[in-house]
Amino acid sequence: MKSAEIREKFLKFFESKGHQIVASSSLVPHEDPTLLFTNAGMNQFKDVFLGFDKRPYTRATTSQKCVRAGGKHNDLENVGYTARHHTFFEMLGNFSFGDYFKRDAIAYAWELLTEVFKLPKDKLWVTVYAEDDEAYDIWTKTVGVPAERVIRIGDNKGARYASDNFWMMGDTGPCGPCTEIFYDHGADIWGGPPGSPEEDGDRYIEIWNNVFMQFNRDEAGVMHPLPKPSVDTGMGLERISAVLQGVHANYEIDLFQRLIAAAARETSGVDMDSPSLKVLADHIRACSFLIADGVIPGNEGRGYVLRRIIRRAIRHGYKLGARAAFFHRLVPDLVAEMGEAYPELKVGAHRVMDVLRQEEERFFATIENGMAIVEAELAALVQSSRTTFDGGRTTFDGGRTIFDGNTAFKLHDTYGFPLDLTADICRERGVSVDAQAFDAAMARQKEQARAAGKFRMAANLEYEGPETAFHGYERLEEKGTILALYKDGAPVNELAEGELGVVVLDHTPFYAESGGQVGDRGELRGSAGIFAVEDTQKIQAAVFGHHGVVKTGALAVGQSVAARVDEAARASTARNHSVTHLMHKALREVLGAHVQQKGSQVDPERTRFDFAHGAPMTAEEIREVEDIVNAEILANTATDARVMALDDAQKSGAVMLFGEKYGDEVRVLSIGSSKELCGGTHVGRTGDIGLFKIVAEGGVAAGVRRVEAVTGANALRYAQEQERRVQGVSALLKVQPDEVGERVAGILDNVRALEKELARLKSKLAASQGDDLAAQAVEVKGAKVLAAVLDGADVPTLRETMDKLKDKLKSAAIVLASPADGKVSLIAGVTPDLTGRVKAGELVNFVAQQVGGKGGGRPDMAQAGGNDTAALPGALAGVVGWVDGRL
């Protein structure tokens, strides 16, 4: 049974049991900053389990793409060397949100494995938490698994509930026991059943984990039964495929065999069991899916992890003989295998290939030098360790077996070799890297920001009341009742004048920050007080918190208020948000279909839009985007927003952003020629935007550009300010505004001519000074030594004078200084015959330290500076003696 068929059978089985098939979420958990990457099937349902979000279904099933290659969950170093470690994998899961519990979850798992997949029952073993008698009885009495194959796993970490069979979301919050299902690969493979001393062997392999969210753990560690116990399960597609295809290692399944064959094709590899081919087959999946979900190789966070994976793949390709970009050519093979199940991969294939190719070309330009350094260091280890090689294995006979940490850092800093890549190479030779020395070197450098990603509960105000009804699409004023008040994060019954707090209403016209649009501001006016709303944020998915301060009187829970949005701020925000949609479409038209939104911020002042693009926009491209958007504005077409089923929205051609969470019903915004899913507030007609002007364009990360733009009155003020500046310049130049460019060009030509004349005069001066200064040189042991001051000379003049003096004196050590504005410029020069004994870098540093500075450079020429001009005469006086001591 092929992997694709297994995936389909799993989803269809649970669909037949009343589960909603939910599409995989992005590998980038946009709404969960606590996670580096999506690493489990339950990630997209976390807020549902926590009670912060509600779905129109209580049963769900998914095939979730996952990555474990950074932060807490990092399997990278094992990939390629073990049977079941991957950077990317698919997690098949079924979920119950307060619906069925242990009995049904266990029954579903057993039915699927034994009746649909037809696995032999005597090959399946089960573990339960030691205290979970209910699960144990279901397995032994209801399902009928023999008691000797149902193993109770107790607490093994020194504390109650600290067990491999007790799952916790964090230190507090939902938790509960779990039951795991293992497959016995047979007696010909070493290993014992779970819980035995040989459990780490490969005979018994976990294929399914059923987590029962049964309790809520409070800060005191007390377990409280949940009112609606839930189920979270996971089964790795690669593992179950290996079982059903009758192979032991994941890399032997159909999907990997085809990718391994493709990797061998592109690298001319002949050993199909090579760990390097397995690395390439694994890494092309992780890299391609991460790029398809919007991650770009970079120097921090997710981009840094992606770059590490790509470079590890390139190194293994290099090991197989590849000397030019090859990795990107595996993408079409991956699309053929997985494109049907994950359409985003098929749609973004060309962009994925482009990003990978660019990264490959960049790294291939330096890998050879880096590998030479690694090999040289390893050769030194071989020499010092009296190493013998036996069949490709390295045996050390005492001596040094640690790769120098400073060298590892040089590889990282200069050649882009991440530490784990160097460690990967060393591990193949039986060498470990001095990580402590590497860390010390890294600490001396600017620390690379790597988001480690710790899974923890989001900070939310405690609220259990009704949801907030939002009326802000239709009107800007609404009567509401205060459902809750908060002060310093804690619930209160009243807020007094001058106190900061948060107000929750049953009805509101205030838009809560979402989708890049800032929250509304305005006021809540009641009979007893007025509350100034400075921001609106979501406490829960459908509960709005109005943040602000009591201006007069007081507010109390239960009071009625008139909620009024700041109309001017809302209108300006709506203009900026609406134009963002038009700009997004225009950017795709001008720059290409690869343009993908990477983030946005819309407020009353401007819109800021980040998008994927590999080069700065030209002035012509910016003008073209402005022309397209302003033409849409002039057309003055009506805006249309409709709520429809997600499937219907997809069929309508609405643009959807990968990584965003969408429910069964979505809001589709049609504005001008743009159609996107959006929950924000917008203008009634495109003409309401007034005017559009891009005011800034720049890079924010590798492959990501940022555009800032203004609209309406802000755009008018921007244009007026630009006009005022041009008029000011034209007045200074005494020409008409349309003549400013020509006049400035003429002035620049004059400046260039004067600069050339100045350089000529300085050169002439240097020549004459060189002749005069040469006569001041002192002979020391057959060489000439000169220390002199050139008043008013800049650094280029000092250098030119130095060259002339070296030519004239033939064998000399020279220091020239130029004091100006309280600072000293220094330059030292040594002729080639003396550099073996006198170094220019040391000489200039000797003088610089005496005048409050430091410096260095090549043995024949070096430069420095200082800020103590009064000490200069004494410092220069010591030059002859210093040189004499070295000659």
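In this text, all values refer to a predicted model and were calculated from it rather than measured experimentally.
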Tightest non-hydrogen contact, residues Gly865 and Ala848, listed as O-CB, 4.1 Å

Heavy-atom neighbours of Glu721 CD exceed 12 at 6.0 Å: yes

So, for Asp610 and Arg706, which heavy atoms are closest and what is the spacing to 0.1 Å? OD1-NE, 2.7 Å

So does Lys804 pair up with Asp807, basic N to acidic O under 4.0 Å? no

State, yes or no, whether a side-chain contact exists between Val433 and Ile402 at a heavy-atom distance under 4.5 Å. no

Any Val824 side-chain heavy atom under 4.5 Å of Asp868 side chain: no

Do other residues, nucleotides or ligands put more than 12 heavy atoms under 6.0 Å from Glu742 CD? no

Start with the C-alpha distance between Arg608 and Glu708, add both sets of side-chain angles, then the distance that settles salt bridge (charged side-chain N to carboxylate O under 4.0 Å, His left out), and finish with yes or no. CA-CA 5 Å; Arg608 189 186 75 198; Glu708 295 186 24; 5.7 Å; no

Which is it for Lys823 and Thr869 under the side-chain contact (heavy atoms from CB on, under 4.5 Å) test, yes or no, and what are the steps along the way? CA-CA 6 Å; Lys823 295 182 180 180; Thr869 55; 5.9 Å; no

Within a strict 4.5 Å, meaning less than it, do heavy atoms of the Arg351 and Val355 side chains meet? yes

Is there a side-chain contact (heavy atoms from CB on, under 4.5 Å) between Asp791 and Val789? Walk through the geometry before answering. CA-CA 6 Å; Asp791 290 316; Val789 174; 3.5 Å; yes

Is there side-chain contact between Pro859 and Val830, with at least one heavy-atom pair below 4.5 Å? no

When you measure from the side chain of Thr87 to the backbone of His283, do you find a donor-acceptor pair of N or O atoms at a distance under 3.5 Å? no

Assess whether side chain to side chain donor-acceptor pair (under 3.5 Å) is satisfied between Arg799 and Gln863, documenting all intermediate values. CA-CA 9 Å; Arg799 284 182 172 275; Gln863 188 175 322; 3.0 Å; yes

Expected output: side-chain Lys410 to main-chain Asn406 donor-acceptor under 3.5 Å: no

Locate the shortest heavy-atom distance separating Ala828 from Val844; write the atom from each residue and the value. CB-CB, 3.7 Å

Between Arg858 and Asp860, is the closest basic N to carboxylate O distance under 4.0 Å? yes

Show, in sequence, the C-alpha distance, side-chain angles and deciding distance for Leu761 and Glu757, and conclude whether the side-chain contact (heavy atoms from CB on, under 4.5 Å) test is met. CA-CA 6 Å; Leu761 292 173; Glu757 178 63 17; 3.9 Å; yes

Donor-acceptor contact below 3.5 Å, side chain Ser818 vs main chain Ser825: no

Please round to the nearest 0.5 Å and tell me the distance separating atom CG of Asp833 and atom OG of Ser811. 3.5 Å

Drop me the distance from Lys808's NZ to Asp803's CG, to the nearest 0.5 angstrom. 14.5 Å

Say you draw a straight line from CZ of Arg886 to CH2 of Trp882; how long is it, rounded to the nearest 0.5 Å? 4.0 Å

List the steps, then state whether side chain to side chain donor-acceptor pair (under 3.5 Å) holds for Gln727 with Arg724. CA-CA 5 Å; Gln727 288 175 340; Arg724 184 190 66 78; over 6 Å; no

Which heavy atom in Ala783 sits nearest to a heavy atom in Leu834, and how many Å separate them? CB-CD1, 3.8 Å

Which heavy atom of Leu816 sits nearest a heavy atom of Leu773, and at what distance? CD2-CD1, 4.3 Å

Check Arg362 with Glu359, please: is the shortest side-chain N to carboxylate O separation under 4.0 Å? yes

For Tyr318, is the NZ or CZ atom of Arg323 found under 6.0 angstrom from the centre of its six-membered ring and inside 45 degrees of the ring axis? yes

Looking at Arg752 and Asp749, is any side-chain nitrogen of the basic one under 4.0 Å from a carboxylate oxygen of the acidic one? yes

Does Glu697 use its side chain to pair, donor to acceptor, with the backbone of Met617 at less than 3.5 Å? yes

Measure the spacing between CZ of Phe609 and CD1 of Ile694 and express it to the nearest 0.5 Å. 11.0 Å

On a heavy-atom basis, which atom in Thr422 and which in Phe403 lie closest, and how many Å separate them? CG2-CE2, 3.9 Å

Derivation and outcome, side-chain contact (heavy atoms from CB on, under 4.5 Å), residues Lys278 and His316: CA-CA 10 Å; Lys278 295 175 183 177; His316 279 276; over 6 Å; no

Is a side-chain donor or acceptor of Arg743 paired with a backbone partner of Leu733 at a separation under 3.5 angstrom? yes

So, applying side-chain contact (heavy atoms from CB on, under 4.5 Å) with Leu843, which one of Leu826, Val879, Ile814 is it? Val879

Ignoring hydrogens and geometry, is there a side-chain-to-backbone donor-acceptor pair from Glu360 to Phe327 under 3.5 Å? yes

Salt-bridged, Glu779 to Lys784, with N to O below 4.0 Å? yes

Taking only Lys NZ, Arg NE, NH1 and NH2, and the carboxylate oxygens of Asp or Glu, determine whether Lys781 and Asp884 approach each other closer than 4.0 Å. yes

Residue pair Ile425 / Val431, side-chain heavy-atom distance below 4.5 Å: no

Between His594 and His613, what is the ring plane arrangement, given parallel below 30°, perpendicular above 60°, and tilted in between? parallel

Are any of the side-chain heavy atoms of Phe37 and Arg302 separated by less than 4.5 Å? yes

Can you check whether Leu786 reaches Val815 side chain to side chain, under 4.5 Å on heavy atoms? no

dist Thr797:OG1 -> Ile827:CD1 (nearest 0.5 Å) comes out at 10.5 Å

Interatomic distance, CZ@Arg329 vs CG@Leu356, rounded to 0.5 Å, equals 12.0 Å

Check against side chain to side chain donor-acceptor pair (under 3.5 Å), Ser274 and Asp271: CA-CA 5 Å; Ser274 166; Asp271 179 9; 5.2 Å; no

Does any part of the side chain of Phe88, heavy atoms only, come nearer than 4.5 Å to the side chain of Leu27, both counted from C-beta? yes

